[in-house]
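Since the structure comes first, as structure tokens, the remarks are kept for the end.
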Amino acid sequence: MARFSKHLILVTSYIFLLTSTLSSCQEGGNAGDLLGQWRLEGYEDMYVSFSGTITQFRKANGQQVFAKFQHVGDSLFMQCSSIYQEKTDTIMVENEFGMKPLTNIRVRIDALDGDHLTLSKNGQHWLFEKY
């Protein structure tokens with residue numbers, strides 16, 4: 001009977017650990033309060049999404065650029081990578097979104113709550129709303 005109880009405890013522990021690991025992955029991992037899709041206020045076609053450690057700059061026309069990000073204190077660090085290394089990817093992130101340089105973006109998080117995200121850098125401000 002003791003042997004059965006030992007196996008039951010081990011199996012129960014394994015299931016608990018597996019369940020908690022899967023649920024944390026489903027919640028977006030390291031994204032925390034950034035998790036989800038944010039629309040740039042004033043634009044109907046410009047979005048930024050966060051999940052795990054990946055962010056996506058996206059326009060409604062299907063153009064998209066991915067980046068790795070880190071949220072450290074009040075700073076957000078993003079390293080974009082262009083899959084096909086097209087100039088249009090750099091233009092979209094640097095000129096249309098206004099976040100430079102493409103490979104080393106650092107912005108300050110001024111505000112972050114369930115519905116709004118405010119970023120800033122060198123006097124420029126980006127206001128996002130949860131979409």
Side-chain angles (χ1 to χ4, degrees):
M1 183 67 172
R3 183 179 236 176
F4 175 74
S5 296
K6 182 180 176 182
H7 284 89
L8 182 61
I9 291 171
L10 287 172
V11 169
T12 305
S13 298
Y14 177 74
I15 290 171
F16 175 75
L17 287 173
L18 181 63
T19 305
S20 63
T21 302
L22 290 175
S23 66
S24 68
C25 291
Q26 292 172 348
E27 293 170 3
N30 298 333
D33 291 340
L34 291 168
L35 177 66
Q37 180 170 259
W38 301 84
R39 184 177 60 84
L40 186 60
E41 286 189 1
Y43 297 88
E44 293 296 322
D45 66 340
M46 298 174 70
Y47 304 89
V48 174
S49 301
F50 297 92
S51 181
T53 59
I54 302 295
T55 189
Q56 175 193 35
F57 292 89
R58 184 177 65 82
K59 293 191 67 180
N61 67 5
Q63 187 178 4
Q64 60 187 356
V65 175
F66 291 94
K68 289 184 177 182
F69 80 90
Q70 286 185 313
H71 179 190
V72 180
D74 67 350
S75 295
L76 184 60
F77 301 89
M78 295 177 276
Q79 301 279 331
C80 293
S81 57
S82 174
I83 296 171
Y84 301 108
Q85 302 201 356
E86 294 182 11
K87 185 69 176 164
T88 55
D89 294 342
T90 303
I91 291 169
M92 181 181 81
V93 174
E94 290 187 354
N95 297 347
E96 295 179 35
F97 278 89
M99 296 190 183
K100 300 176 185 177
L102 180 73
T103 57
N104 191 22
I105 300 168
R106 179 182 180 182
V107 293
R108 183 172 186 264
I109 299 175
D110 293 326
L112 174 60
D113 63 34
D115 297 322
H116 295 91
L117 168 64
T118 305
L119 304 175
S120 66
K121 180 179 182 176
N122 299 330
Q124 186 173 2
H125 295 273
W126 297 270
L127 305 173
F128 294 90
E129 60 186 6
K130 194 77 165 236
Y131 186 75

For the residue pair H71 and L34, what are the closest heavy atoms and their distance? ND1-CD1, 4.0 Å
In terms of heavy-atom contacts, E94 and L102 come closest through OE2-N, 2.8 Å
Restricting to non-hydrogen atoms, name the atom on K121 and the atom on K100 that form the minimum distance, rounded to 0.1 Å. NZ-O, 2.6 Å
Which side-chain N or O atoms in residues 106-115 pair as donor and acceptor under 3.5 Å with protein atoms at least two apart or in another chain?
from : atom 1 : to   : atom 2 : distance (Å)
R106 : NH2    : S75  : OG     : 3.4
R108 : NE     : D74  : OD2    : 3.1
R108 : NH1    : D110 : OD1    : 2.4
D110 : OD1    : S120 : OG     : 3.3
D110 : OD2    : S120 : OG     : 2.8
D113 : OD1    : D115 : N      : 2.8
D113 : OD1    : H116 : N      : 2.7

Looking at S49 and T55, what are the two nearest heavy atoms and their distance? O-OG1, 2.8 Å
Under the ring-ring contact (aromatic ring centres under 6.0 Å, His included) test, residues paired with Y131 that sit two or more places apart: Y47
With sequence neighbours excluded, what pairs up with E41 under the salt bridge (Lys or Arg N to Asp or Glu O under 4.0 Å) test? none
Contact check, side chains of L76 and M78, non-hydrogen atoms, under 4.5 Å: yes
Among residues at least two apart in sequence or on other chains, which ones pass ring-ring contact (aromatic ring centres under 6.0 Å, His included) with F66? none
Would you say the side-chain atoms of Q63 pair up with the backbone N or O of T88, donor to acceptor, closer than 3.5 Å? yes
What is the distance from atom CG of L40 to atom CH2 of W126, rounded to the nearest 0.5 Å? 9.5 Å
If I take atom CG from residue D45 and atom NZ from residue K59, how far apart are they, to the nearest 0.5 angstrom? 5.0 Å
Please give me the minimum heavy-atom distance between C80 and A67, naming the atom from each residue. CA-CB, 3.6 Å
With a 4.5 Å cut-off on side-chain heavy atoms, are D89 and F57 touching? no
Sub-4.5 Å side-chain heavy-atom contact between L127 and L119: no
Flag the pair E96 / M46 as yes when at least one side-chain heavy-atom distance between them is below 4.5 Å, and no otherwise. yes
Connected-component partners of F77 among ILVMFWY, side-chain separation under 4.5 Å: V72
Could you tell me if the side chain of Q79 sits less than 4.5 Å from the side chain of N104, heavy atoms only? yes
With sequence neighbours excluded, residues passing ring-ring contact (aromatic ring centres under 6.0 Å, His included) with F69: F50
Rounded to the nearest 0.5 Å, what separation is found between the OG1 atom of T53 and the CD atom of Q70? 8.5 Å
